[in-house]
Amino acid sequence: MNVQQMSAQMSGKPGFVAALDQSGGSTPEALRLYGIPDTAYHSDAEMFELIHQMRLRIITAPSFSGEKVIGAILFERTMDSDIGGKPIPSYLWEDRGVVPLLKVDSGREPESDGVLMMKPMPRLDALLERAVNKGIYGTKMRSVVRLPSASGIASVVAQQFEVARQISSYGLTPIVEPEVLISSPDKAGAEAILCEEISKQLALLPADVKVILKLTIPTVADLYKGLVEHPNVVRVLALSGGYSRHEACALLSQNKGMIASFSRALIEELRHDMTDAAVDEALVRSIDESYKASVTKA
């Protein structure tokens, strides 16, 4: 896989990043949205198999291509799976022109000081080695911010950038994702602190260490303009965070330089009992709306 071509695509090509990395905590909700109730499976293995089949339908849909989808964040099992005998990361890049990315965090600790830090990742080095061998370009890890706690947010961001340096040492581009909950009682206040802390950490990075930021669409439009323009930032992605696709796209269109990286909002029209043709029609609508919000700014 050509890392230079992937870098050029992730840094400059118009489009958005699909988030297909639902984990154990978010998978039941994603399956319900897809029309599969909790009673349809009786173990984690069955649950993950159902979500895996949903992801395969999305990845293999005709509309899912690098024309508008510049990258896709994968769950570990998806990275390790094949399509037609070809590893999925290779299939995405070589057959679809989509940059493969990987979720690497192990979930979050209980809330403390207004934030949820990432759990320890003892398998991270081994996972990063596998990711490199599979042709993955970058990796994502998620923390959560609920309250505008200066000390809590500083800890979250410091942890994110510590792990980012570890990821970067493998030649991978880290995606730093400290999500501010849209239900936060002071979302704007938390985002102001977050922006300041990210700026502090970026200032400490060597010139050759690049990161992608994945952030909640801010309450104050263009709050992250300085981060978008920072020389150490490849791209700033926007997560949908529980907004509907229409809401998320309307808010995103007000933030220059940010592009979509939606999960729930991307798949909200898909249902498991649809034909493959109907799935693709729904994806066309979702992809077109997400793409337009990413490239057309007020």
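- More than 12 heavy atoms of other shown residues, nucleotides or ligands fall within 6.0 angstrom of atom CD in Glu46.
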>> Working note: Arg123 + Glu76, criterion salt bridge (charged side-chain N to carboxylate O under 4.0 Å, His left out); need CA distance, chi angles, decisive distance, verdict.
In response: CA-CA 12 Å; Arg123 298 175 50 247; Glu76 184 179 348; 2.8 Å; yes
>> Quick one, Glu269 with Arg245, criterion side chain to side chain contact (heavy atoms under 4.5 Å, CB included). Give me CA distance, side-chain angles, the key distance, then yes/no.
In response: CA-CA 10 Å; Glu269 290 186 47; Arg245 187 174 73 241; 2.6 Å; yes
>> If you apply the rule salt bridge (charged side-chain N to carboxylate O under 4.0 Å, His left out), what do you find for Arg77 with Glu49, and how did you get there?
In response: CA-CA 9 Å; Arg77 175 175 176 177; Glu49 175 60 24; 2.2 Å; yes
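- Environment of NE2 in His246: sparse, with no more than 12 heavy atoms of neighbouring residues, nucleotides or ligands closer than 6.0 Å.
- Sparse packing is recorded around CD of Glu67, with 12 or fewer heavy atoms of other residues, nucleotides or ligands lying under 6.0 Å away.
- The NZ atom of Lys119 lies 13.0 Å from the OG atom of Ser143; values are rounded to the nearest 0.5 Å.
- Using a 4.0 Å cut-off between charged nitrogen and carboxylate oxygen, Arg142 and Asp105 do not count as a salt-bridge pair.
- Among all heavy-atom pairs drawn from Met10 and Leu101, the shortest one is CE-CD1, 4.2 Å.
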> Please walk me through it: do Lys200 and Glu197 pass salt bridge (charged side-chain N to carboxylate O under 4.0 Å, His left out)?
Replying inline: CA-CA 5 Å; Lys200 289 178 184 177; Glu197 290 300 324; 3.2 Å; yes
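- Classification of Lys140 and Glu177 as a salt-bridged pair holds, one side-chain N sitting under 4.0 Å from a carboxylate O.
- Across Ala221 and Gln254, no two heavy atoms sit closer than the pair CB-O, 3.6 Å.
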>> Run the salt bridge (charged side-chain N to carboxylate O under 4.0 Å, His left out) test on Glu289 and Arg285 for me, step by step, so that the C-alpha distance in whole Å, both residues' side-chain angles and the decisive distance to 0.1 Å come before the verdict.
In response: CA-CA 6 Å; Glu289 187 175 2; Arg285 291 190 292 271; over 6 Å; no
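- Under the 6.0 Å cut-off for aromatic ring centres, Phe75 and Phe48 qualify, their centroids lying closer than that.
- No more than 12 heavy atoms of other residues, nucleotides or ligands shown are found within 6.0 angstrom of NZ on Lys225.
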>> Please evaluate residues Val144 and Val115 with respect to the criterion side chain to side chain contact (heavy atoms under 4.5 Å, CB included), reporting the C-alpha separation (whole Å), side-chain torsions for both, the decisive distance (0.1 Å), and the verdict.
In response: CA-CA 6 Å; Val144 172; Val115 301; over 6 Å; no
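- Using a 4.0 Å cut-off between charged nitrogen and carboxylate oxygen, Arg264 and Glu268 do not count as a salt-bridge pair.
- Cation-pi geometry between Lys86 and Tyr91 is not satisfied (NZ or CZ under 6.0 Å from the ring centre, within 45° of the ring normal).
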